[in-house]
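Structure first, commentary second.
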Amino acid sequence: MIVKDSEKTSDISKGLVLLMATVCGFTVANVYLNQTLLVSMSATFHISAASIGIIATLAQIGYALGNLLLVPLGDIFERKKLILFLLFAICIVLALNALSINKTWMMVTSLALGIVTVVPQIIVPLAANIASDHNRGKVLGNVAIGLVCGILGARLVSGFIDVHFGWRMVYWTSAVATLFMIFLVYVYFPRSKGGNATSYKHLLMSLGPLFIKERALQKACVSQGMMFASFSAFWTTLVFLLHTHPYSYGSDMVGVIGLVGIAGAFATPIIGRLIDTKGEKFASLLCMSISLLAFIGLIRGGYWLPGLILGALLITVGTQANQVACQFTIFQLGEEKRSRLNGLYMVSTFLGGSLGSYVGLLAWTKWQWNGVCAIAILMIAISCCSLIPMNILRKMIGNLMNKKGSNM
């Protein structure tokens, strides 16, 4: 069956939504496998924990590049073939990760893995196109469950495998799982072809003007970019917190805490329904408030295991639900350009994620856990500013500058 972008179906089956969520989860997990393995990798390559953190950053930079260079292809190429091609590429790069012999090799393969692991961001616009208008928020929320489970489940599985079989086996296991995903996609995914008959060069050249033109896209990029930065700062440094006093746990404990975060994934369909009824701005404000309160509580509660677990849950709910709200917003800008809109949006999201990983590690090195929480709170505050209309924001900045000038 070929589902064209210009067509509207009455609904999308629950089985297909479940499969899309599953494939999204298994593929996006590859970007996060290394976060739980950083300590083990640093021991293998005989380098410091702070130095090995660049691997987590490069994986997210690669994911941002993949969203910029590969995701827009969904507007001109048949998406099922594109997804299958990328899944095969993921298998190859995962094997290269497992065979890494030094930090440089691991840096290159982590960057490459991030680039090709953009399958979820091709699936999400496909799901949005197939879903009916009144049901789109709910469908996007359900697909997002897979994304959250993949992001956090990666930490659970990779931590367990790392402790018992070593970090290289994590990548071999993921390669085998990806082969199974290839079979499922080939058999059950519908075919869907974009409506833009243009060259790849013109497609990429259209991205800049598209970003400049769409204010809603710009605001969504800032909103989720900063929210995801705070999310990445938390999860990247969590493994170091759990290795220190008062915890002294192993890598597998990060995965256990990730399980609680997975429970929070099931809040995304609720946010999807809330979007369909109350609107995306209300949903975004609610999500930001949840994450902000979580980090404020973690300044002290992070050294108490129940408090840390609760914080992980709330941060996951806030960040991932805000992603659904932002994607709902940009998908209203036109179905013929949804892959490009989503690509640009996810570029900013994962650039924010890479920034969060990098700055989070710096904050940990200089100020430990309190520094991580402080920088995350600042990032969420910037995200909140994206909800303020531009004319009001300019007026606020102008008043602030005038007040500073008068005090001088």
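We're numbering straight along the sequence, starting at 1.
Among all heavy-atom pairs drawn from Trp364 and Leu241, the shortest one is CH2-CA, 3.6 Å. Here the closest non-hydrogen pair linking Gly302 and Trp369 is CA-NE1, 3.6 Å. The minimum heavy-atom distance between Ser223 and Met288, with the atom names listed, is OG-CE, 3.0 Å. The shortest non-hydrogen separation linking Met379 to Gly356 is CE-CA, 4.1 Å. Closest heavy-atom contact between Val17 and Val139: CG2-CG1, 4.3 Å. Across all non-hydrogen atoms, the minimal contact from Leu68 to Leu204 is O-CD2, 3.7 Å.
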side-chain hydrogen bond (donor to acceptor under 3.5 Å, both in side chains) evaluation trace for Asn67 with Gln121: CA-CA 7 Å; Asn67 274 280; Gln121 305 315 322; 5.3 Å; no
Phe240/Gln368 under side-chain contact (heavy atoms from CB on, under 4.5 Å): CA gap, chis, key distance, verdict: CA-CA 9 Å; Phe240 300 111; Gln368 300 294 295; over 6 Å; no
Worked check of side-chain contact (heavy atoms from CB on, under 4.5 Å) between Tyr345 and Val71: CA-CA 11 Å; Tyr345 167 74; Val71 170; over 6 Å; no
Residue pair Met106, Met41: steps toward the side-chain contact (heavy atoms from CB on, under 4.5 Å) verdict: CA-CA 9 Å; Met106 196 69 194; Met41 289 178 181; 3.3 Å; yes
Residues Ile90, Val119; criterion side-chain contact (heavy atoms from CB on, under 4.5 Å); working and verdict: CA-CA 10 Å; Ile90 289 170; Val119 169; 4.2 Å; yes
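Between Glu214 and Arg340, none of the side-chain N atoms (NZ, or NE/NH1/NH2) sits under 4.0 Å from a carboxylate O, so this pair counts as no salt bridge.
Using a 4.5 Å cut-off on side-chain heavy atoms (C-beta onward), Pro120 and Tyr63 make contact. At a threshold of 4.5 Å between non-hydrogen side-chain atoms, the residues Cys287 and Thr319 do not count as touching. Between Leu305 and Tyr247 the shortest side-chain heavy-atom distance falls below 4.5 Å. At a threshold of 4.5 Å between non-hydrogen side-chain atoms, the residues Phe234 and Leu308 count as touching. A 4.5 Å side-chain heavy-atom check between Gln327 and Met346 finds at least one atom pair inside the cut-off. Taking the side chain as every heavy atom from C-beta outward, Leu242 and Val239 never approach each other to under 4.5 Å. You'll find the side chain of Cys24 reaches within 4.5 Å of the side chain of Val143, heavy atoms only. In this structure, the side chains of Leu99 and Trp105 come closer than 4.5 Å at one or more pairs of heavy atoms.
If you take CG on Leu96 and SG on Cys91, they are separated by 11.5 Å, rounding to the nearest 0.5 Å. In this structure, CG on Leu19 lies 6.0 Å from CG on Leu184, to the nearest 0.5 angstrom. With rounding to the nearest 0.5 Å, the separation of SG in Cys373 from CG in Leu378 is 13.0 Å. Expressed to the nearest 0.5 Å, how far CZ of Arg338 lies from CG of Leu333 amounts to 9.5 Å. In this structure, CG in Leu86 is found 9.5 Å from OG1 in Thr27, a value given to the nearest 0.5 Å. Rounded to the nearest 0.5 angstrom, Leu293 CG and Ile377 CD1 are separated by 9.5 Å.
Using a distance-only test at 3.5 Å, with no hydrogens or angles considered, no donor-acceptor pair links the side chain of Ser284 to the main chain of Lys281. In this structure a side-chain-to-backbone donor-acceptor pair under 3.5 Å is missing from Lys80 to Pro190. Not one N or O on the side chain of Ser110 forms a donor-acceptor pair closer than 3.5 Å with the backbone of Met107. Proximity of a side-chain donor or acceptor of Ser206 to a complementary backbone N or O of Leu203 within less than 3.5 Å is detected. Checking side-chain atoms of Thr178 against main-chain N and O of Ser174 turns up a donor-acceptor pair under 3.5 Å.
Counting non-hydrogen atoms of other residues, nucleotides and ligands closer than 6.0 Å to CZ of Phe45 gives a total above 12. The environment of Phe26 atom CZ is sparse: at most 12 non-hydrogen atoms of other residues, nucleotides or ligands sit within 6.0 angstrom. The number of heavy-atom neighbours closer than 6.0 Å to OH of Tyr200, taken from other residues, nucleotides and ligands shown, is above 12.
In summary, the side chains of Arg168 and Ser100 do not present any donor paired with an acceptor at a separation below 3.5 Å, with no hydrogens or angles considered. Between Gln224 and Asn322, the side chains place a donor N or O and an acceptor N or O closer than 3.5 Å (distance only, hydrogens not considered).
Taking the six-membered ring for Trp and thresholds of 30 and 60 degrees, Phe183 and Phe180 have nearly parallel ring planes, at less than 30 degrees apart. In this pair, Trp167 and Tyr171 present their aromatic rings perpendicular. The plane angle is above 60°, beyond the 30 to 60° band.
For Ser348, there are no side chain to side chain donor-acceptor pair (under 3.5 Å) partners at least two apart in sequence or on another chain.
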